[in-house]
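Because the structure is predicted, anything quoted here is derived from the model rather than measured.
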Amino acid sequence: MIKGIYSGKIDFSSDLINRARQLLECSFSLKDKYSDWDTNLPNPNIDYLIESQETFYFEKTNNIYQSATSFLLYYEVSHLVNGHKSFFLGFKDG
C-alpha cells in the first residue's frame, strides 16, 4: 500500500495464506450443513506443541478468543454484582 501498488486482492500464492482461505471456506460451509472436517486443515487432533509455521497464528487466535470471552463474562458479572436488573434473567422493571 505504501508503494501504491496494492490492488485490493489477497495474494494466495503463499501456502500459509492459501490454507487460511481453505479453513475460512470450510468453516463457512458448516453454517448451512454438516460435513466432515478436512483433517488436512487445522483441527484438535493435531499436536500444535510441535512448532510449525502455523503455531504462532493458532496461539494468537486462541489468546484473542479467550481474552474476548473473559471480557464479556466479567462485563456481564459486573452487571449482576452492581444490582442491575436483567431482562434475560426474568426481572421486570417496576
Which atoms form the tightest heavy-atom contact between Asp11 and Ile17, and what is the distance?
O-CG2, 3.7 Å
Atom of Lys9, atom of Tyr6 and distance for their closest heavy-atom approach
O-CE1, 4.0 Å
To the closest 0.5 Å, what do you measure between [atom1] ([X]) and [atom2] ([Y])?
X	Y	atom1	atom2	answer
Phe12	Arg19	CZ	CZ	14.0 Å
Thr61	Phe56	OG1	CZ	9.0 Å
Tyr57	Leu23	OH	CG	14.0 Å
Leu41	Glu54	CG	CD	8.5 Å
Glu59	Asn63	CD	CG	9.5 Å

Thr69 versus Gln66: any side-chain heavy-atom pair under 4.5 Å?
no
Hey, are the side chains of Trp37 and Pro42 touching, using non-hydrogen atoms and a 4.5 Å cut-off?
no
Decide if atom CG of Leu16 counts as having more than 12 heavy atoms of other residues, nucleotides or ligands within a radius under 6.0 Å.
yes
Students often mix this up, so state it plainly: with edges at 30° and 60°, are the rings of Tyr75 and Phe71 parallel, tilted or perpendicular?
parallel
